[in-house]
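Structure record follows, encoded as C-alpha cells.
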Amino acid sequence: MQDDEEVAEWRRTVESTEERAQDNPDEYLPVLAYRLWTFADVLRRAGRREETVAARKRAVEVFEELVADKPDDFLPDLARLLYYLALDLWKVERVAEAVAAGERVVQIYERLAAANPAYLPALARSQRDLAVDLRAVGRLEEAAAARKRAVEIYERLAPASPNAYLPELDKSLSDLAFELSKVGRFEEVVATRKRVVEIYERLAAEEPENYLSDLAMSLLNLAVDLRELGRFEEAVATRKRVVEIYERLAADDPDVYLSDLAVSLSALAVDLREAERFEEAMAAGERAVEIHERLATEDPDAYLPALARSLHSLADGLRKVGRVEDAVTARKRAVELYERLAAAGPDTYLPGLAVSLSALAVDLREAERVEDAVAARKRVVELYERLAAADPDAYLPGLARSLHSLAIDLAEAEWFEEAVAAGERAVELYERLAADDPDASLPDLGTSLHNLALYLCRAERFAEAVAVRKRAVEVYERLAAADPDAFLEKLQGSLEILVRLSDAVGRPEDGVAPARRLVEVIDRLAKVESDTDFFDPVLYRMLLVARLERLGRREELVAALQESVAACERLAEDDPDVFLPQAGYFLQELAVALGEVGRREEGMAAARRAVELLQRLAEDSPSDYQQQDAERLLVIDDREKIAKSLIVLGRLQIEDARFVEAVPCLVEAISLAEQLAEGARQLIGEAAELVRLAYERDSEGVRDTLREVTGRDVVEWLDAKSAS
C-alpha cells in the first residue's frame, strides 16, 4: 500500500513537471529529466517493471533533447541512464531493445573518451557489458569484437596505473579468450591466453609472493586451450611449468598449495598420455596419488574425493601402457573410496561411483576377467537405475550406455540370452531418448540395434534378429540421409548382414530388396572412397545377380545385369583395367539371362559385345590383363573367358535356328579351349555337342560351313573332338 502511495505521489509530481516544462523548457526540462529518473527507480522498487521501462525511456527522450543543446552537461548522465534502461529491458525480456541501449551507451562513452581520457575506464566497462548482451542474443562475433576493444583500452590504461587496471586487463583478456572460443577462433584464444601469462610473468618476477599463484592459473588455462587444439607437446610443457610453480609454492606453504600441486600433476599425467609419453604420465600420476593420500590421511573429508579421482586417472594410464592388473588394483581402490563417499553423500558421489565402476569393468575385460567385468557392469546398471529414477533427464543416457556395455560383456562371456535381455533394455531406452532428441541419441540407437541383432544371432533367434536388423537399417537410412560421410558405412554393414540373415531364416527372397539397396550404397561409397577393394561395387552386384538367379526371378535378373554392365562401363572410364573385364563377365551373364526369357536377339547382341570386349582386352595388354585377373582372383586365362562367351553366343544362335551362323563361333571356342589346360575339356565337349545339335537340324548347311572353316568333314571333326 505504501509503495502504491509513493508511486501515485511521484506520478503527480512528474505530470506537474511535464506541464511546467512545456511552458518553460529551459528551466524545467532538466528537472523533468531527473524526476523521471527517480520515478523509474520508485516504480522498479514497487515491482512494476513495464512502467519502469516506460518511465526510463521517457527520461532518455528528455536527456537526448538536453544533450542536443548542452552535451557537456548531460551526456555522462544519459550514458548512465541508458545503462539502467538496458537492465530494466532485460528484466522484461525485451532483449533486442536492451542490446540497442547498450550499444548507445558505448557510443556515448566513445564520444566522451575522445574528448576526455578520464572516460576510458567507463568506455571499457561499457564494452564489457555490451559483450555480455551481444553473446546472450547470439551475436558472437560482435561480442568478441567488444571484448577486444575493452582489452585495448585496459592495455592503454594499465601502464600508468597497474594496480588499478592490470587486474581488469587480465579479466578482460580471459573474457576475450572465452568469446573467441565460442566462435571457434582457437588460435586467437591461445594467443590471448599467452598475453595473460606474459602479464603475470612480469608481475611474478617483481612480486612472486603476490602473483606466482596467478601465474600458475594463467598457465593452467593456456594448457587447457593448447590441449583442445591438439597441441599436446606444448600443453605438456605448459603444464610442467604449472607443476614447477606449485612445487615452489607448496614448499613454502603446503597447507595452501599441496592440493593444487596434486591436481596439476594429475592434469599433467593426462596431457602426457595424449602426447603418448606414457612412462612420464605414469610417474606424474603416481606422484599425484601419493600427495592426495597424504592429504586424505590428514583431512579425509576434504581430500578423499580428490584421492579417488587421482586413482581413477592413474588407472586409466596403467591400462594405456598395458599394465591391466595394476589398473584393476588402482581402480578398485578408487571404487572403494567412491563407495565410502557415496554412503555418506549419495547425491554427490553416486555418479562418480558409477563412472569408476564402469571403468573397472573395462579394466577387468582387458585383463580377460570376463565374469568379474560382468559383475562390475551389473552394479553400474543398478546405480544408474537408482540415479535415473530420481533424475531421468540427467541419467537415462547413462543407464542406456551401461546396459549397452553390459550386453557387450555378457556376449563376451557367451551368455547370449542375458546379452539379448540387456540389449533389448538398452534399445528401449535409446528409442525413448531418440524420440526426444534424435540428433543426440539416434546414432546410439543404431549401434544398440546392430549389437542386439548380433546377440540374437548368437542365441540362434534368427527371425527376431531379422526384425531388429531391419530396424537398424531404418535408423541408419535416416542418419545417412543427414550425414552420409558418418553413416553410409554403417548402413552398408547393416544391409549386408540383413541379406545374409534372410538366407539364415530360409527366406532368401526377403534379401532381394536389401541387396538392391546395398548396391546403391556401395556405388555411393565407391565414389568417395579410394579403396574399391573394400567397397567393391562389382562384388555386391554379383551377389544380387546370384540371388535373383537362384530365386528364378528372370526379368529382374535381366534388369540387374543390364544395370551392372552400365555401371562397369561407367567405372571403366576411370579404371579400365579393373572394370572392363567385369563388364565382359556381366555381358556374358546377360546374354544367358536374355536367352532364358526368350529375348534371343538381345542375348546374341550381348554375347557379341562380350566377345568383342574380351578379345580387345586380350589383344591390347595380355600380360597386364592376366596379372590383373590373378590379383583379383578372377578367371586366370582370357581365352577361357572368350571361349565361354562364344559358346553362349553359339547356343543362342542355335536356339534361334541360326545353325550355320553358330558354327564359326563354336569352332573358335573349341580352338581357344584346346590351348588351355585339361580343365577346358568341359568347354570342348559343350561346344562340340552344340555343333552336333546344329548338324542334326541343318546337316547340309553345317557340313559346308564346317568344311569351309576347318577344312574337315563334319563327322570326322565331331568324332575327333569327342575323343579328345
Side-chain angles (χ1 to χ4, degrees), residues 75-76 79-80 82-83 86 102-135 140-183 185-226 234 237-239 241-242 244-246 248-249 257 260:
L75 260 183
R80 290 175 54 226
L82 282 161
Y83 170 78
E103 289 173 326
R104 179 75 174 115
V105 173
V106 167
Q107 291 170 0
I108 292 171
Y109 278 124
E110 282 178 336
R111 177 177 171 183
L112 290 167
N116 184 355
Y119 286 102
L120 280 174
L123 174 57
R125 287 192 298 272
S126 67
Q127 292 280 9
R128 284 167 50 180
D129 292 339
L130 178 59
V132 173
D133 295 344
L134 290 166
R135 174 164 28 95
L140 303 182
E141 287 288 352
E142 293 171 85
R147 290 285 186 200
K148 189 171 282 191
R149 179 71 178 121
V151 165
E152 291 167 357
I153 295 168
Y154 283 124
E155 283 178 328
R156 178 177 169 185
L157 293 167
S161 303
N163 291 335
Y165 295 114
L166 268 181
E168 297 293 341
L169 175 57
D170 166 44
K171 185 178 186 314
S172 290
L173 282 164
S174 297
D175 290 341
L176 174 59
F178 175 79
E179 301 293 356
L180 290 167
S181 69
K182 288 294 183 183
V183 293
R185 292 157 62 178
F186 297 111
E187 292 294 341
E188 292 177 73
V189 172
V190 168
T192 303
R193 293 285 189 205
K194 285 182 176 179
R195 289 173 67 192
V196 177
V197 168
E198 289 167 6
I199 291 170
Y200 281 114
E201 281 176 330
R202 186 170 69 249
L203 292 169
E206 298 170 359
E207 299 179 54
E209 66 281 2
N210 291 329
Y211 292 107
L212 261 183
S213 60
D214 291 323
L215 174 57
M217 284 301 300
S218 65
L219 285 162
L220 186 152
N221 290 332
L222 174 59
V224 170
D225 292 327
L226 287 165
E234 293 176 76
T238 305
R239 192 80 71 179
R241 288 192 63 198
V242 176
E244 290 166 4
I245 292 170
Y246 279 127
R248 177 177 169 185
L249 291 166
Y257 292 109
D260 291 325

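Any value given below was found using the heavy atoms of this structure, including those in side chains, with hydrogens, waters and symmetry copies removed. Predicted model, so just to flag it, every value in this text is computed and none were measured.
Taking the side chain as every heavy atom from C-beta outward, Glu188 and Glu179 never approach each other to under 4.5 Å. Residues Ser218 and Leu215 are in side-chain contact: their nearest non-hydrogen atoms beyond the backbone lie under 4.5 Å apart. Taking the side chain as every heavy atom from C-beta outward, Val132 and Arg147 approach each other to under 4.5 Å. For the pair Phe186 and Ser181, the minimum side-chain heavy-atom distance is below 4.5 Å. With contacts defined as side-chain heavy-atom distances shorter than 4.5 Å, the pair Tyr154/Arg128 qualifies. Side chains of Leu226 and Arg239 form no contact here, defined as non-hydrogen atoms less than 4.5 Å apart. The closest side-chain heavy-atom distance from Pro159 to Tyr165 is not below 4.5 Å. For the pair Glu207 and Glu209, the minimum side-chain heavy-atom distance is below 4.5 Å.
Here the closest non-hydrogen pair linking Leu176 and Ala144 is CD1-O, 3.6 Å. Residue Leu120 comes nearest to Ala113 through the heavy atom pair CD2-CB, 3.9 Å, listed as atom of the first residue, atom of the second, then distance. Pairing each heavy atom of Ile108 with each of Ala79, the nearest pair is CG2-CB, 3.8 Å. Ser126 and Val105 get closest at one heavy-atom pair: CB-CG1, 3.8 Å. For the pair Ala124 and Ala150, the tightest heavy-atom approach, listed with the atom from each and the gap, is O-CB, 3.8 Å. Annotation for Thr192 and Ala177: closest pair CG2-N, 4.0 Å, computed over non-hydrogen atoms.
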message: Please determine whether salt bridge (Lys or Arg N to Asp or Glu O under 4.0 Å) holds for the pair Glu152 and Arg149, giving the CA-CA distance in whole Å, both sets of side-chain angles, and the decisive distance to 0.1 Å.
response: CA-CA 5 Å; Glu152 291 167 357; Arg149 179 71 178 121; 3.7 Å; yes
task: Assess whether side-chain contact (heavy atoms from CB on, under 4.5 Å) is satisfied between Leu134 and Glu103, documenting all intermediate values.
output: CA-CA 9 Å; Leu134 290 166; Glu103 289 173 326; 4.3 Å; yes
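A salt bridge links Lys171 with Asp175: at least one charged nitrogen is closer than 4.0 Å to a carboxylate oxygen. Using a 4.0 Å cut-off between a side-chain N of Lys or Arg and a carboxylate O of Asp or Glu, Lys194 and Glu201 do not qualify as a salt bridge.
For the atom pair CZ (Arg202) and OH (Tyr211), the distance works out to 10.5 Å, reported to the nearest 0.5 Å. In this structure, OH on Tyr83 lies 9.5 Å from CZ on Arg125, to the nearest 0.5 angstrom. To the nearest 0.5 Å, atom CD of residue Glu141 and atom CZ of residue Arg185 are 5.0 Å apart. Once rounded to the nearest 0.5 Å, the distance linking CG of Asp170 with CD1 of Ile199 reads 6.5 Å. We find the CZ-CG distance between Arg80 and Leu75 to be 13.5 Å, quoted to the nearest 0.5 Å. The CD atom of Glu198 sits 12.0 Å away from atom CG of Leu203, with the distance rounded to the nearest 0.5 Å.
Each of Val151, Val196, Ile153 was scored for a side chain to side chain contact (heavy atoms under 4.5 Å, CB included) with Ser172, with one residue passing: Val151.
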